[in-house]
Amino acid sequence: MGEFVYLIRNSDPATLAGSGPNQSMQKWLDWMRHLEAGGHLKNPGQPLSRVGSVVRGPDRVVTDGPYAETKDVIGGFLIIEAADLADAVELAKGCPILSRGGAVEVRAVARPDA
Amino acid sequence: MDPDLPAVLFRRESGRLVAALTRVFGVANLALAEDVVQDAFCRALEVWKHTGVPDNPAAWLMAAAKNRALDVIRRERTATAYAPEMGRWLQTEWTAAPAIDEAFAGEAIRDEQLRMIFSCCHPRLPEEAQIVLVLHILCGFSTAEIAAALLSGYAGIEKRLSRGKKALAASKRLFDLRDADFDDRLSSVHRALYLLFNEGYHGAGQRAPFRPTSAGRRCASPGCSVSLHAPERRRRPLSRPSWRCTRRACRRGSTRWES
């Protein structure tokens, strides 16, 4: 079993949790329940607000907003447990963000022994 | 605004809202659920003073209660232990709002009312405490009204209520309708429903000996929910309130005719 982080990326600001219509929120609950039922949901994480700043480089340059390209904005994260990357990818296919044009980045949590 | 509206609405809606919120917060936080309902009502009366009463005040109140619940959860996400089966979904903003919505959805809210009635009829509580709890939590009766209805002192009822609520909050979770002691509790629930109906029939306060809305509602609402879950043979005792409803209508008719 390995730990994976789902980084939810979305292009449409309206799809951010809390601002979307209830129908799509219900899909999140259904998907998370599905993950939980399979023993995959390690930490349900949180959706992220679009407000943010980036601190960069040795000069600590602060810029507004996480990214210029809206499609790169991380809309939230959650942590799951899956057998391997292929399993984690398969589970990510149920994410409601996909049907709204968003993306899920699946990243394995690095382990010193791996 | 009709001066009777707040009282009528409270009687009709508070029990449903408290039951659904207790599902969300867990029975240990019963007092929090009651606070949230009070808040929603206060807010409604405040806003309606300016905007007028909305077309569907019950829906307005439910939305206010949901929003208030979400506020509370956001503020105390880590500080309070909520219902075990809900906690996970309240922790995260991905699912908190739809999880609350679910508890308030039509079928669910009826089930919660029924679960609450069964929870109030806890075998550890004396029978009179069970009735007092149901009257207060599910029917929105004030302590004074219950005291008048049961021909008892205010202080006594108040004590009974607070003891009953403590006992309820101390139980690990709300009663599950699939629990093994369903049958044991069913008879107390029937008795409670019957007494409730009597209460609606005779009316609690001296000035209002007859309250058609609350009686009709109580007769319809718990009755329907019970029949949804109880096997055929268990329905029989519940037919009595319906019968009295018919009688009530006759009596009303004849009174008018005589006068």
Side-chain angles (χ1 to χ4, degrees), chain A residues 4-10 12-52 73-81 91-92 94-100 102-105, chain B residues 16-17 20-21 23-26 36 40 54 56 58-112 173 176 178:
Chain A
F4 295 85
V5 177
Y6 286 172
L7 298 173
I8 313 290
R9 295 182 188 273
N10 50 327
D12 176 9
T15 56
L16 279 176
S19 55
N22 282 340
Q23 209 183 356
S24 73
M25 297 304 297
Q26 181 64 42
K27 285 187 188 138
W28 280 96
L29 184 59
D30 294 343
W31 181 53
M32 295 249 186
R33 280 217 174 107
H34 172 72
L35 292 176
E36 169 93 339
H40 295 293
L41 192 64
K42 170 122 181 156
N43 184 330
Q46 295 289 357
L48 302 177
S49 156
R50 289 180 71 81
V51 179
V73 171
I74 295 176
F77 65 95
L78 54 148
I79 302 173
I80 67 142
E81 261 174 352
L91 289 165
C95 182
I97 204 78
L98 300 173
S99 33
R100 309 197 63 165
V104 182
E105 183 176 328
Chain B
R16 284 150 51 80
L17 299 178
L21 286 166
R23 168 73 172 172
V24 173
F25 294 141
V36 165
N56 188 346
W60 199 103
L61 279 169
M62 190 186 279
K66 279 192 211 172
N67 288 338
R68 185 84 194 99
L70 206 51
D71 284 349
V72 168
I73 285 162
R74 281 176 183 150
R75 211 179 45 222
E76 300 177 21
R77 188 159 270 156
T78 46
T80 311
Y82 296 113
E85 70 277 20
M86 291 288 288
R88 189 116 226 221
W89 311 120
L90 301 178
Q91 260 173 32
T92 166
E93 205 57 31
W94 288 124
T95 51
I100 292 176
D101 272 346
E102 249 183 21
F104 281 87
E107 281 295 309
I109 203 168
R110 274 203 291 278
D111 284 0
E112 290 323 315
R173 56 184 176 80
D176 192 322
R178 285 161 302 184

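Heavy atoms only: backbone and side chains are in, while hydrogens, waters and symmetry mates are out. Just so it is clear: chains get the letters A, B, ... in the order the sequence lines come, proteins before strands, and each one is counted from 1. Being a predicted model, the structure only gives us computed values, none of them experimental.
- A/L41 touches chain B through backbone and side chain together, each having a heavy atom under 4.5 Å away.
- Put simply, the side chain of A/Q46 gets close to the backbone of B/Q91: a donor and an acceptor are under 3.5 Å apart.
- A/P44 approaches B/R88 most closely through the heavy-atom pair CD-NH2, 3.6 Å.
- When all heavy atoms of B/W94 and A/M25 are compared, the pair lying nearest together is O-CE, 3.1 Å.
- Between B/T92 and A/P47, the shortest heavy-atom contact is OG1-CD, 4.2 Å.
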